[in-house]
Amino acid sequence: MIVNSGADAGRVEPHHLLRLESVGGLARARGEVGWVVFGGRVLLVWLPIYVLLAEALPPLTAATTASLVTGIWLLALRAALSTYFTLGPAVASAVGTVTGLVAVSALDLWAPGIDFSVLALAETAVAVFILSAAWEHVVRSIVKQRVLVIGTNGGASDVMQELQDDEQAPFTIVGVVGGRSGDSAAEVPRLGPLDELRQIVEAQRPDIIILTDDRAGAWAVEPLLDLAPMGFKVVGVSHFFEHALGRVPLLHLTPAWFMSMLHLRQKPYTRLAKRSFDLVVASLGLLLVAPLLPLLAALVRTSPGPIIYSQTRLGEGGRHYRMFKFRTMRADAEEAGRPLFARESDPRVTRVGRLLRQTHLDEVPQLWNVMKGEMSIVGPRPERPEFVEMLEQTVPFWTRRLLVKPGITGWAQLRCGYAYDTDSTAEKLSYDLWYLRNRNVVVDLAICAKTVSTLLFRTGR
């Protein structure tokens, strides 16, 4: 074995020294913004906790204890903000606040000198949630994450178009590396060939780098590893869509993607947990709307036809079941043997039916389908079996949404509305598949909360 001398071992080429100095400077610039964001989080969590403790403890002791409790709460908030990024700052802050509340409550049991009353701790948790959610909303609105795209294949145009169309997205695309002139969207600059990747990354200081295909990844791995101290994240197109946009690009789906749901590290959403959630929410929903049922029935009867309308739909595993709802269309809305998609401003809808659809009260009878185990509160919207052959031919992987029970509300409905047609089905499937892989109790609660807020502050489907 040959051992280099101390002088040779410690020698670093001058151009490497310059590059490391440049990377260090860029990392420091990025760190300054990061410290402002982090400092805001610390201050807004620490303040309400200190106010709570200052009433019973000396100032120094209160400040020290508040710092300890803040550290615990910040860990919970950071984990939630990373895990539930797609669901928005309010949901992520709520999860982090509740998790931190549980940890702080446990600390209260054994840590000397800490004695929170239940009311005071609850008030502090509310303050932490409000301040944290507001701060994260401001951060996402002002401090946009810089995205650099490497390559123009593998859905690069989809990524760029998506980010350009959504002005509220917390990302800004700085440019694309590689490809030919004209391959990228008109508004996105082509920054240079792959040979200049190192210089481009140093100049643009991206927060996220998207590798669009295997060729781009193989070319970029060495320079990106050299520049890793800058602190950027590297993702593929599919992972970026899932994390940032809450949907799965269908063009990049393979059977291996579905197998990932069976991975050893995939967190399970057990049937027992899902069923328990459905029964609790459906029972509460039936209790809340029970006083309205006679009024709703009377309103539906103002037009000829039955009060309750039932229709065969596809359930989990493709099994057929009868879905119930208050009738919202004319009795002769559909000719026998000629099924039609519901659509926006459907002329077949009655005046009362339009009101029921806007408030989603027409779907109240589906709570009975949930109680029977045929549907869930949250899941893909159930489709009619008459449309299956057409959908299978036009939308790849469409039948994979049948791996779970259909739902009264869902992620796709929140993002795209309820009306179906052949043009919107693929987009809705991309959101349904995101839910399929990311579903858990927190996601279900978040979708329910967003559904309620949509009903309260925005009408229509």
Side-chain angles (χ1 to χ4, degrees), residues 1-34 82 85 144-163 171-185 188-245 248-249 251-254 256-257 260 263 265:
M1 180 175 68
I2 300 175
V3 179
N4 291 333
S5 66
D8 291 337
R11 183 178 301 163
V12 180
E13 294 299 324
H15 67 277
H16 284 299
L17 282 174
L18 292 174
R19 184 175 300 140
L20 289 174
E21 289 176 0
S22 175
V23 170
L26 296 175
R28 284 192 296 273
R30 181 192 309 278
E32 291 175 1
V33 177
S82 173
F85 178 87
K144 302 278 188 177
Q145 295 189 52
R146 297 168 59 82
V147 177
L148 179 68
V149 179
I150 299 180
T152 55
N153 297 321
S157 59
D158 294 337
V159 174
M160 292 183 281
Q161 192 64 50
E162 189 84 23
L163 295 183
F171 306 96
T172 180
I173 189 162
V174 298
V176 60
V177 180
R180 301 182 303 273
S181 299
D183 284 348
S184 61
V188 178
R190 180 177 176 271
L191 301 176
L194 288 172
D195 293 342
E196 300 176 6
L197 176 61
R198 193 187 305 273
Q199 295 90 331
I200 292 171
V201 172
E202 290 177 346
Q204 296 297 327
R205 295 174 295 165
D207 299 290
I208 298 175
I209 295 177
I210 300 177
L211 302 178
T212 57
D213 54 30
D214 293 338
R215 178 178 176 274
W219 189 285
V221 61
E222 184 175 350
L224 292 183
L225 285 175
D226 290 341
L227 298 170
M230 290 177 60
F232 51 77
K233 304 296 183 184
V234 180
V235 296
V237 172
S238 294
H239 286 104
F240 179 78
F241 267 87
E242 288 190 53
H243 169 73
L245 307 174
V248 177
L251 291 176
H252 306 283
L253 277 184
T254 63
W257 184 91
S260 68
H263 194 277
R265 296 183 180 179

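Just so you know, residue 1 is the first one in the sequence shown, and it goes up from there.
Put simply, the side chain of Val176 does not reach to within 4.5 Å of the side chain of Thr212, judged on heavy atoms. Using a 4.5 Å heavy-atom cutoff, the side chains of Phe232 and Leu148 are not in contact.
Judged by distance alone, with hydrogens and angles left aside, the side-chain atoms of Arg146 form a donor-acceptor pair with the main-chain N or O of Gln204 at under 3.5 Å.
Of all non-hydrogen atoms in Arg205 and Met230, the two that sit nearest each other are CA-CE, 4.0 Å. Scanning all heavy atoms of the two residues, the minimum distance from Glu242 to Val248 falls at CG-CG2, 3.9 Å. Across Phe241 and Pro249, no two heavy atoms sit closer than the pair CB-CD, 3.5 Å. Nearest heavy-atom pair across Ile150 and Ala220 is CD1-CB, 4.1 Å. Leu197 and Pro223 make their closest contact through CD2-CG, 3.9 Å (heavy atoms, listed as atom of the first residue, atom of the second, distance). Closest of all the heavy-atom pairs between Gln145 and Ile208 is OE1-CD1, 3.4 Å.
Exactly one residue among Ile210, Thr172, Val235 makes a side-chain contact (heavy atoms from CB on, under 4.5 Å) with Val147. That residue is Ile210.
The environment of Glu222 atom CD is sparse: at most 12 non-hydrogen atoms of other residues, nucleotides or ligands sit within 6.0 angstrom.
Within the structure, no pair that satisfies the side-chain hydrogen bond (donor to acceptor under 3.5 Å, both in side chains) test touches residues 227-240, not counting sequence neighbours.
Note: Phe240 and Phe171 have perpendicular aromatic rings, judged against thresholds of 30 and 60 degrees for the angle between ring planes.
Once rounded to the nearest 0.5 Å, the distance linking CD1 of Ile173 with NZ of Lys144 reads 13.5 Å.
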